[in-house]
Amino acid sequence: MKQHIADLIDSALATLIANGTLPADIQTNVMVENTRDKTHGDFASNIALTLAKPARQNPRQLAQALLDALPASTQLAKTEIAGPGFINFYMKADVANQVVAAILSAGHEYGRQPANSAGRVQVEFVSANPTGPLHVGHGRGAAYGATVSDLLEAAGVQVEREYYVNDAGRQMNILATSVWLRYLENGGESFAFPSNGYKGAYIHDIAADLRARLGDTLHHSSAIVFSDIPADEPAGGDKEVHIDALIERCRALLGDDGYEQVFSAGLDSILSDIRDDLGGFGVQYQQWFSERSLTHTGDVDSALNKLQEKGYLFEEEGNLWFRSTDFGDDKDRVVRRANGQTTYFASDIAYHMNKFERGFDKVVNIWGADHHGYITRVKAALEAMGYDPERLVVRLVQFAILYRGQERVQMSTRSGSFVTLRELREEVGNDACRFFYVTRKSEQHMDFDLELAKSESKDNPIYYIQYAHARVCSVLRKLDEASWSWDQAAGLANLGLLDTEHEKDLITKLGKYPEVLQGSALNYEPHVLANYLRELANDFHSYYNAHKMLIDDADLRNARVTLSTAVRQILANGLQLLGVSAPEQM
RNA sequence: GCGCCCGUAGCUCAAUCGGAUAGAGCAACGGCCUUCUAAGCCGUAGGUUGCGGGUUCGAUUCCUGCCGGGCGUACCA
């Protein structure tokens, strides 16, 4: 419809240029938008306002000239000039009503673009370090990433969802050492657990499993383990030095094979827990990408070689640096330390090279807001390697602050006193979790109120929307129980009877769903769809309250029930995209 | 210090890539159940969009300077 109106305006503009009203070289950019206020019609164009200056004409007069030159259309009911020079367009009712038939005929597919019609995109999200269970902060990234992925898929994009597993580096070594120390405790040793170690209960579980599987093959006495280890912080030492020394001791005593057994026991257990957790949250991945694999496959070396060839690496004090300042970064970055160890950033460069080599049209990274400092340097590396950095899209997700009533819940992974995503899901339910997380713009800070998410009342927007869906189902059940009949074909034929404000508003709202979905997807903004569903539910509740559907007048009854089922279809489609169930009864 | 994000009703947040009178929900106040689910609906009130300039027909939106908050500024991952 927008396109149709734009074509009409283009035609009118051509006429005005031909008859000399407008200069031949004028720049025209026709924009047709939805009106915010229905007293302004269904669609509006600001074309007369934008052309007023270059054409040196009064905008309202120009608008009138355009209307005089506008070709006749069978779809428009009327046009008018309003305000400073807007042209408002009113659709004929039967044109607007066609959306109901379109929705019922397409059903679940309504609003979706044909699969794989809009390119191929990778979405990487969550990618939390596998050092412990996911906590509520990760939940927002999970819900956001999953929803954005599903929305893109609905927009016709072929989506590959990926989790980058940070299974390399010091934190993982701290984890392995923590597991081993608990294993030793489990075998009867007693000592002060390092203040910088992982103290969660899950470490005990992993250690117990390890002992059950391997017996005491990894056992050493605490006297040997702690001999000559620098003091921990509570004893007046440095906790970092302390834990690093323990890591080295662990490696030395266990050897490569033994250490690997402990290491992978921790990694495998936590990773499978994360997988299970996300699966339960309705979040699926096509790919779990291991950071360690980048070293094994040689991707890290080849990425560094690539930068070397292009002349962006230099050595200083034994370290190998990437000259990222050539691409707008604040300072250059180390990619390989003097001791030969490559840095995390080097893995990141290799990983992004790997992503780009896989040929996606776009690569979307969903990162926690604390990673925003990395955007510049990663894009710098991509550009240096000869890739187009514009193909990398980074969306930052701000942290969600959890409240229990008025009280703020504190979180800390290391101390083990955090609230896990799993606990949150069990407490408030998956539907409320998924919905609450995406109901705000991702870059907005967000307060997640547990009490509100749990409440089964109208305060809780998710119940409100689900209830609208259930209400339509309820009407159909009543229809069955009573002696009423319902004929969808007759309903569609009688949509012209729906002339109340409530009904016209509902139909208008339904007509906007495809572009809401499209805009929500392409801008990575699920909250737009969430808000739309809230509004649609609101319109339906108002309608339901004002007019009875189960009435004697068969034509009107058929029309109203038919409209209601179209609303139900859109609610179901939208909720499914948000990862929320659409219950038939509540 | 520098960089990025944010600042909108008492609270939590919108505002369709510059549009018309800045909108919802909570909370407050007043109404609506003999009627398809009151898990709902209707109404009232609530604003100098942090502050000051600038750009133009028109600014919450773009530019600039302040104020306030968050994050970052690693040879950590």
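Every value quoted in this text rests on a predicted model; they were computed, and no experiment measured them. Naming convention: chains lettered A, B, ... in sequence-line order (proteins, then strands); numbering from 1 in each chain.
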So which nucleotide from B/C36, B/A38, B/C75 ends up closest to the side chain of A/R471?
B/A38

Under 4.0 Å, counting only non-hydrogen atoms across every strand here, what does A/A52 touch: a base, just sugar-phosphate, or nothing?
nothing

For atom CD of A/E291 and atom P of B/A77, their distance in whole Å:
8 Å

Which part of the nucleic acid, if any, lies within reach of A/N58 when heavy atoms closer than 4.0 Å are counted: base, sugar-phosphate only, or nothing?
nothing

Any donor-acceptor N/O pair under 3.5 Å between B/A77 base and A/Y374 side chain
yes

Within less than 4.0 Å of OP1 or OP2 of B/C2, is there a side-chain N or O belonging to A/K331?
no

Verify the stacking flag for A/F86 against B/A20: centroid separation must be under 5.5 angstrom and the ring planes must differ by under 30 degrees.
yes

Once you apply a heavy-atom cut-off of 4.0 Å, does A/H371 come out as touching a base, just sugar-phosphate, or nothing?
base

Could one point to a donor on the side chain of A/N46 or the base of B/G19 with an acceptor on the other under 3.5 Å away?
yes

Using a heavy-atom cut-off of 4.0 Å across all strands, would you classify A/N538 as base, sugar-phosphate, or nothing?
sugar-phosphate

How would you label the contact of A/D330 with the nucleic acid (heavy atoms, under 4.0 Å): base, sugar-phosphate, or nothing?
nothing

Base, sugar-phosphate or nothing for A/H547? Non-hydrogen atoms, less than 4.0 Å.
base

Dump every N/O contact between nucleotides 55-61 of chain B and the protein below 3.5 Å, one line per pair.
residue	atom	partner	partner atom	Å
B/C57	OP1	A/K53	NZ	3.1
B/C57	OP2	A/K53	NZ	3.1

Would A/H372 count as stacking on B/G72 if stacking means ring centres less than 5.5 angstrom apart and planes tilted under 30 degrees?
no

Let's see if you can work this out: which of B/C75, B/C36, B/A20 has an atom nearest to the side-chain heavy atoms of A/H40?
B/A20

Looking only at side chains, do A/N173 and A/Y259 share a donor and an acceptor under 3.5 Å apart?
yes

Any donor-acceptor pair, under 3.5 Å, between the side chain of A/D348 and the base of B/A77, if you only look at N and O atoms?
no

Just checking A/Q341: base, sugar-phosphate only, or nothing, at a heavy-atom cut-off of under 4.0 Å?
nothing

Distances under 3.5 Å between nitrogen or oxygen atoms of protein and nucleotides 29-35 of chain B:
residue	atom	partner	partner atom	Å
B/U35	O2'	A/K548	NZ	2.7

Side chain of A/H527 (C-beta onward), nearest among B/A15, B/C75, B/A39
B/A15

Using purine N1 to pyrimidine N3 plus N6-O4 or O6-N4 for Watson-Crick, or N1-O2 and O6-N3 for G-U wobble, each under 3.5 Å, what pairs with B/G65?
B/C51

A/S542 near the nucleic acid: base, sugar-phosphate alone, or nothing, with a heavy-atom cut-off under 4.0 Å?
sugar-phosphate

Taking atom CZ of A/F540 and atom NE2 of A/H502, what is their separation to the nearest 0.5 Å?
11.5 Å

Can you figure out which of B/C13, B/G25, B/C75 approaches the side chain of A/N319 most closely?
B/C75

